[in-house]
Structures are given as structure tokens and as C-alpha cells.
Amino acid sequence: MRRAWGVVVGCLALSFSGSSQTIDWRHWDESVLEEAAQTDKLIFIHVGANWCHWCHVMEQETYTDGDVIAYLNENFLSVDADQDQNADLGMRFRAYGWPALIVMNSEGEAIRKVAGYRNAERFLEIISDAISNPVPEESFRRAQVRDGDVIEQWTDRFYGILDTTLGGYDGAKKFVDESTFNLAMLSREDERSAAWIDHSMRNAALLIDTVWGGIYQYSTHYNWNSPHYEKLLHKQARYIEMYARWGAMATDPSDKILAENAIQDILRYVNHFLTNEDGRYYTAQDADIVQGEKAHDYFQLDNAGRLYRGIPRIDSNIYPDENGHMISSLVYAWAFTGNEALLSQAKSTFHKWLMMRDSDGLFPHSPDNEQLFLNDQWSMLHAAKLLYDATGNPVYSDFITEQFEVVKSTFYVDGQWRRWTGSWLGNDELDLEWQSQLLLELQTFSPYIEAADLEDMKSEVWNSIYRAENLSIPFSMPELVTASMFREKSAGKAVITGSAEERWELRRWAILNVQYPYEIIPAEESEIELAASASALYYCTDGRCEFPVFVEDIELRTGNR
């Protein structure tokens with residue numbers, strides 16, 4: 001194969017060396033598939049990110065090579081797509097990282113899926129092979145699935161990928177994944193989970209920029225000291241949430257201080273670099289000061305040194321999905337710290353987004369993208385839920401009830417939830433992660449909605465994921481185990497009693513102690529008779545309450561007892 005390709009490369013070099021052409025890049029939309037069908041050409045898609053170092057390297061090196069330019073222009077319809085802007089591609093190919101190099105046919109089937117940077121020679125081998133053998137690739141699956149309980153096997157796999165010494169995954173890249181964190185928090189009684197959470201959150205603080213604040217995406221080389229320097233809004237939001245929830249449950253006072261400092265450092269960065277003048281949030285900041293050149297030396301400079309050389313580019317796109325996560329993170333930060341300004345900021349930003357809805361009441365992904373995405377809607381529903389949990393204001397619960405019906409009428413079609421509107425890009429394989437997250441979303445909103453077919457919806461999703469053959473997918477999938485734990489618990493009430501100040505503290509605790517889908521209500525609004533003298537939080541389902549959490553036993557960063 002390599003010998004044959006060497007001849008092809010040689011011929012291309014004779015024909016196209018010194019070419020001044022550029023790649024005929026197209027925007028991603030339905031017309032690309034239509035043109036591919038008409039011209040009988042394959043589609044090449046570079047799915048990248050504005051902040052991605054190796055995307056910049058590929059743009060500057062591989063895509064400026066004369067042979068690459070000529071071969072793509074002659075044989076392919078080429079698409080340059082940003083994964084944030086083109087969320088359908090971003091969601092479908094997220095497992096391949098950025099850049100993801102995708103060869104697709106006119107039916108939307110992936111012929112080749114390649115993760116990461118490739119130089120010109122290797123890239124030409126990949127795309128010429130797709131021309132020679134345009135057969136859709138089968139997803140890699142594990143060869144063997146043992147008999148036994150499905151959830152037990154998923155749980156074993158989950159613990160198998162944790163690094164309980166350094167934290168994060170047991171691999172070269174170090175970061176804290178929110179889905180792994182969520183399952184570990186639900187399983188804190190297991191010593192492995194407890195150790196992993198503590199090591200992960202303590203060491204993840206090493207990823208925080210000591211000059212500007214904000215947290216880098218991840219570290220490499222099996223340690224926490226070799227960061228990739230891009231700063232993504234959704235990562236800032238997720239770490240704020242994780243530090244708030246971990247800090248609230250931490251028993252070591254130094255961990256509580258670490259968590260509070262981490263939240264302050266991340267918020268300091270977001271407010272200064274990623275906040276628009278109207279209070280909404282930009283998407284990311286680049287990893288490079290000069291695109292395509294590693295910026296390690298730059299990020300070792302102090303503030304004056306950095307400013308002298310300039311500031312890495314900000315991706316000033318504003319998306320509802322990431323903004324919804326940021327609003328939610330502000331509520332978590334308020335719940336941990338008691339800082340009322342954070343809750344006010346969350347409310348203000350959410351109400352600005354309410355004015356951004358379209359005529360049907362949905363949140364458009366961006367002004368120049370006609371598609372609607374379910375993740376954008378879920379994210380804002382989540383923000384409304386947390387604002388209701390924090391304030392008890394029925395404005396937010398009414399929004400959830402009404403908005404869910406609008407979302408359902410748009411995205412629930414023929415008994416299936418669709419991730420986006422528009423039919424030009426289908427799904428060529430079961431997305432277990434997304435289906436598991438969907439089940440979690442439906443369960444989370446169940447205390448607030450009265451859809452007659454809600455249980456049928458949840459059963460349909462559950463039946464699609466709870467199958468032994470899905471274990472052949474080579475991932476740990478903590479979302480699936482978490483979804484199974486939530487599914488076993490009926491939606492209920494978190495009833496708070498005591499004085500106004502005590503209820504304020506218990507409400508904050510209930511938000512941070514995420515266990516099951518509960519609606520937080522004061523005792524006087526409940527039909528359950530509870531001792532008026534007890535200042536406590538009661539988790540109640542079907543008229544029965546668990547052992548209470550007393551206000552004297554909780555320690556948050558404000559009003560500690």
C-alpha cells in the first residue's frame with residue numbers, strides 16, 4: 001500500500017508542486033450532501049475548534065501543501081467546520097477530538113474517521129484510501145462481553161479507568177470529567193470513589209492559571225503539570241460546579257478553602273476575559289498567542305509580560321448551551337459560598353437569554369445557523385431548575401413546565417428524541433453517552449412536568465441502552481450507571497424546615513448535595529407533617545421521608561456552624 005501510494009505522491013508532486021491554489025472550502029449545510037450526490041464525490045470534513053493548537057498547525061502546514069490542495073479540490077467536496085458552530089458535527093464526532101478528519105458519502109455515512117493532526121503525506125494516504133475503498137467504517141467494538149449484570153459490568157469498567165493515586169483518568173491526559181465526577185459523588189461511600197474525588201480535585205487545581213485565573217483544558221504526560229493552554233467556557237463552568245459540590249461535602253477544612261479559592265480564580269478569569277458587555281459569555285480563549293506555535297513560554301510570563309506580547313484570541317461566539325452551563329455554575333457557586341452577587345448574576349444572565357428566543361420560544365444556536373439543538377434547550381432548562389431551587393420563584397418552575405412542552409413538540413418525533421432539527425445528518429450508530437444523558441435529563445425535570453407520556457419516553461430510552469451488546473462499545477460510560485441510579489429513585493420533594501436563615505442554608509445544601517430528582521420546597525407548602533422545631537432537610541418520596549439532614553451538621557463557606 002505504501003509503495004503504491006509513493007508512486008501516486010510522486011506523480012502529484014510533478015503535477016502540482018508550487019501550486020498557488022487554496023482549498024475550495026465550503027460551509028456545512030444540506031447543500032453539501034446534495035452536491036455530493038449530484039457529482040458522485042465524497043465529502044471531506046475538517047471538524048476543528050477556534051482555540052485548538054493542532055487545528056492551527058494542520059491549517060498552516062497540511063492544508064497549504066500543494067499536493068493536498070490539488071487532490072482535495074479534484075476529488076472531494078471539502079468542508080471546514082467549527083465544532084461549536086456546527087454542533088451536529090461536534091456532537092457526532094466529539095470522540096475523535098479536534099481536529100477530527102472525516103470522510104463522508106452523500107448519505108451522511110462516515111467512510112473514514114481520524115482523530116488529530118496528520119502531516120501532508122499521511123493525510124494524502126488517508127483520503128486516497130477512502131477514494132479507493134469508499135466503504136463505511138465499522139465502529140470498533142470489544143470482542144467479548146461476559147455474562148452477568150449489565151450495570152455491574154459498566155460499574156467495574158468505570159472503576160477500571162480511574163487513577164486513584166493522582167486523580168483523573170488512568171492515562172496520559174489528566175483532567176476531571178464531569179460525568180465521572182457525578183458518578184463518583186453518588187458513590188462516595190465506596191473508598192475508591194472517595195479517594196479519587198479528593199485526589200482529582202486537589203490536583204486539578206494545578207491546571208488553574210496562576211496569573212489570570214481560569215482553568216486549562218487538560219494536562220498531558222501522565223501528570224498535572226503539562227497543560228494544554230486553551231480555556232473553554234464550558235470547562236470553566238463545569239469546574240466551578242465540581243469545586244462547589246466537592247467543597248460542600250469535604251471534611252478537611254483545607255479542601256474547603258482550596259475549593260473556594262479555585263471558584264474565585266475561575267470566576268475572576270471568566271468575568272474579565274469571557275464576559276460580553278451584555279453579561280452573556282464567550283466560548284473560549286485560544287491556546288496559542290501565535291497560531292500554530294506552542295505557547296508554553298508565554299504562559300510562564302507574568303501579567304505585564306503577557307500583555308506586552310498580546311492576548312490569545314477570544315472566540316467571541318455566544319452559544320446557549322455553554323451559557324446555560326455557566327448560569328448553572330453561578331448558582332452552585334452561590335450555594336457553596338453564600339455570595340448573593342453570584343445568584344444575582346445568574347438571574348440577570350438567564351433573563352437576558354429569555355429575550356433571545358425565537359418566535360416559537362426556543363433558543364437558536366447562533367444567528368447564522370438555522371438548525372436548533374436539543375442541548376441548547378436542555379441547558380437553559382437546567383439553569384431555570386437551579387434558579388428555582390435557589391429562589392423558589394414560580395417564574396422559573398412555570399418556565400420549565402411551559403418550555404418542556406415546546407421542546408417536546410420540536411424534538412420528540414415518532415417516538416424518538418432528536419438532537420437537532422433538520423434531517424441531513426443522521427446518526428450512524430447508537431450514541432450511548434447521549435442516550436444516557438437524555439434519560440438523566442428526563443428524570444431531572446420530572447418533578448416539574450406533567451407530560452402523560454413521560455414514563456414511556458424514559459422507558460424507550462432505557463430499553464435502548466440497557467442491553468448487554470452495548471458493552472462491546474469500548475468506553476466506561478459513567479453516564480449510563482448514573483442514569484440507572486436516578487431511574488431507580490422516584491421524583492420527590494426536598495422539604496426544608498426552620499427559620500428563614502436556616503432554610504436559606506438548607507436550600508443551598510440541597511442544591512449542592514445532588515442525589516436524586518427532588519423539588520425543593522419549604523415545609524409549609526408540603527402536605528407532609530414535620531416537626532416545626534426541627535431545622536432540617538427531609539428527602540421525601542411518595543409520602544415517606546429519609547433520615548433528615550440537620551442544619552447543625554452542614555458546613556458551607558458562609559454561616560458555618
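Note that the structure is predicted; figures quoted are calculated from it, not measured.
The distance from atom OG of S200 to atom CG of L162, rounded to the nearest 0.5 Å, is 7.5 Å. With values rounded to the nearest 0.5 angstrom, I215 atom CD1 is found 9.5 Å from L206 atom CG. Note that the CG atom of L267 and the CG atom of N339 stand 9.0 Å from one another [nearest 0.5 Å]. For the atom pair CG of L258 and CZ of R202, the computed distance is 8.5 Å after rounding to the nearest 0.5 Å.
Residues passing the side chain to side chain contact (heavy atoms under 4.5 Å, CB included) test with A259 are Y243, W246, F336, sequence neighbours excluded. In this structure H234 satisfies the side-chain hydrogen bond (donor to acceptor under 3.5 Å, both in side chains) test with no other residue, sequence neighbours excluded. Qualifying side chain to side chain contact (heavy atoms under 4.5 Å, CB included) partners for N393, counting only residues two or more places apart in sequence or in other chains: T391, V395, Y396. Residues forming a side chain to side chain contact (heavy atoms under 4.5 Å, CB included) with D389 (at least two apart in sequence, or on another chain): K385, L386, Y448, I511, I520. For K489, the salt bridge (charged side-chain N to carboxylate O under 4.0 Å, His left out) partners at least two apart in sequence or on another chain are E546. Taking L301 as the reference, Y298, R306, R309 meet the side chain to side chain contact (heavy atoms under 4.5 Å, CB included) condition, with sequence neighbours excluded. With sequence neighbours excluded, the residues that form a side-chain hydrogen bond (donor to acceptor under 3.5 Å, both in side chains) with D286 are H56, Q291. Legend: residues meeting side-chain hydrogen bond (donor to acceptor under 3.5 Å, both in side chains) with Q264, ordered by chain and number and at least two apart, are absent.
Within the structure, ring pair (Phe, Tyr, Trp, His ring centres under 6.0 Å) pairs that include any residue of residues 174-211 comprise Y169-F175 (at least two apart or interchain). Residue pairs meeting the salt bridge (charged side-chain N to carboxylate O under 4.0 Å, His left out) criterion with at least one partner in residues 166-185, sequence neighbours excluded, are D163-K174, E178-K235, E178-R238. Evaluation of the salt bridge (charged side-chain N to carboxylate O under 4.0 Å, His left out) test over residues 263-273, restricted to residues two or more places apart or in two chains, returns D265-R268. Screening residues 262-287 for ring pair (Phe, Tyr, Trp, His ring centres under 6.0 Å) gives W212-F273, Y269-F273 as the qualifying pairs, with residues at least two apart or on separate chains.
No hydrogens or angles considered: nothing links the side chains of E322 and T283 as a donor-acceptor pair under 3.5 Å. In the model, S436 has no side-chain atom that pairs as donor or acceptor with a side-chain atom of E479 under 3.5 Å. No donor-acceptor contact under 3.5 angstrom links the side chains of Y159 and S476, judged on distance only. There is no side-chain donor-acceptor pair under 3.5 Å between Q377 and D321. No hydrogens or angles considered: nothing links the side chains of Q217 and Y229 as a donor-acceptor pair under 3.5 Å. Side chains of H382 and E441: a donor on one and an acceptor on the other come within 3.5 Å.
Both tests do not hold together for R313 against W51: distance to the six-membered ring centre under 6.0 Å, angle to the ring axis within 45°. At least one test fails for R507 against the ring of W504: distance under 6.0 Å to the centre or angle within 45° of the axis.
The aromatic rings of Y216 and F299 stand perpendicular to each other, their planes meeting at an angle above 60°, with 30° marking the opposite boundary. A parallel orientation is assigned to the rings of W462 and Y466, their planes being inclined by less than 30° (bins at 30° and 60°). Between F404 and W417, the two ring planes are tilted [angle within 30° to 60°].
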> Is there a salt bridge (charged side-chain N to carboxylate O under 4.0 Å, His left out) between R94 and D431 once you walk through the steps?
Replying inline: CA-CA 11 Å; R94 64 189 180 281; D431 190 329; 2.8 Å; yes

>> One pair to check against salt bridge (charged side-chain N to carboxylate O under 4.0 Å, His left out): E241 and R245. What are the steps and the verdict?
In response: CA-CA 6 Å; E241 174 188 343; R245 291 172 54 196; 3.0 Å; yes

> What's the verdict on side chain to side chain donor-acceptor pair (under 3.5 Å) for N223 and S226, showing C-alpha distance, side-chain angles and the deciding distance?
Replying inline: CA-CA 7 Å; N223 62 57; S226 306; 3.1 Å; yes

>> Before you tell me yes or no, could you show the steps for I521 and I496 under side chain to side chain contact (heavy atoms under 4.5 Å, CB included), namely the whole-Å CA-CA distance, both residues' side-chain angles and the distance that decides it to 0.1 Å?
In response: CA-CA 6 Å; I521 61 172; I496 52 178; over 6 Å; no

> What do the steps show when you test T541 against Y518 for side chain to side chain contact (heavy atoms under 4.5 Å, CB included), and what is the final call?
Replying inline: CA-CA 9 Å; T541 305; Y518 288 102; 3.6 Å; yes

> So Y539 and K493, side chain to side chain contact (heavy atoms under 4.5 Å, CB included) or not? Walk me through it.
Replying inline: CA-CA 6 Å; Y539 290 113; K493 308 290 185 183; over 6 Å; no

> Does the pair M91 and W420 meet the rule for a side chain to side chain contact (heavy atoms under 4.5 Å, CB included), with working shown?
Replying inline: CA-CA 10 Å; M91 285 186 283; W420 49 77; 3.3 Å; yes

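Across all their heavy atoms, A49 and W98 have their closest contact at CB-CD1, 4.3 Å. When all heavy atoms of A346 and L387 are compared, the closest pair comes out as CB-CD2, 4.0 Å. Of all heavy-atom pairs spanning L207 and S219, the tightest one is CD2-CB, 3.7 Å. For the residue pair A491 and P447, the shortest heavy atom distance occurs at CB-CG, 3.7 Å. Considering all non-hydrogen atoms of both residues, H365 and D84 come closest at NE2-O, 2.6 Å. Here the shortest heavy-atom pairing between L480 and L432 reads CD1-CD2, 3.8 Å.
Under a cut-off of 6.0 angstrom, the local environment of CD in E191 is sparse, with at most 12 non-hydrogen atoms contributed by other residues, nucleotides or ligands.
Between W378 and L438, some side-chain heavy-atom pair lies under the 4.5 Å cut-off. In this structure the side chain of L183 reaches within 4.5 angstrom of the side chain of M485, judged on heavy atoms. With contacts defined as side-chain heavy-atom distances shorter than 4.5 Å, the pair V514/L186 does not qualify. Residues V495 and L537 are not in side-chain contact: their nearest non-hydrogen atoms beyond the backbone lie 4.5 Å or more apart. Side-chain contact check for L89 versus Q83: every heavy-atom pair is 4.5 Å or farther apart. Taking the side chain as every heavy atom from C-beta outward, M242 and M185 never approach each other to under 4.5 Å. Two residues are said to be in side-chain contact when any heavy atoms from C-beta on lie closer than 4.5 Å; P320 and M356 fail this criterion. Counting heavy atoms from C-beta outward, P312 and Q285 have side chains that approach closer than 4.5 Å.
Under the 3.5 Å distance criterion, the side-chain polar atoms of R487 are left unmatched by any main-chain donor or acceptor of L439. S344 contributes a side-chain N or O that, together with a main-chain N or O of E340, makes up a donor-acceptor pair within less than 3.5 Å.
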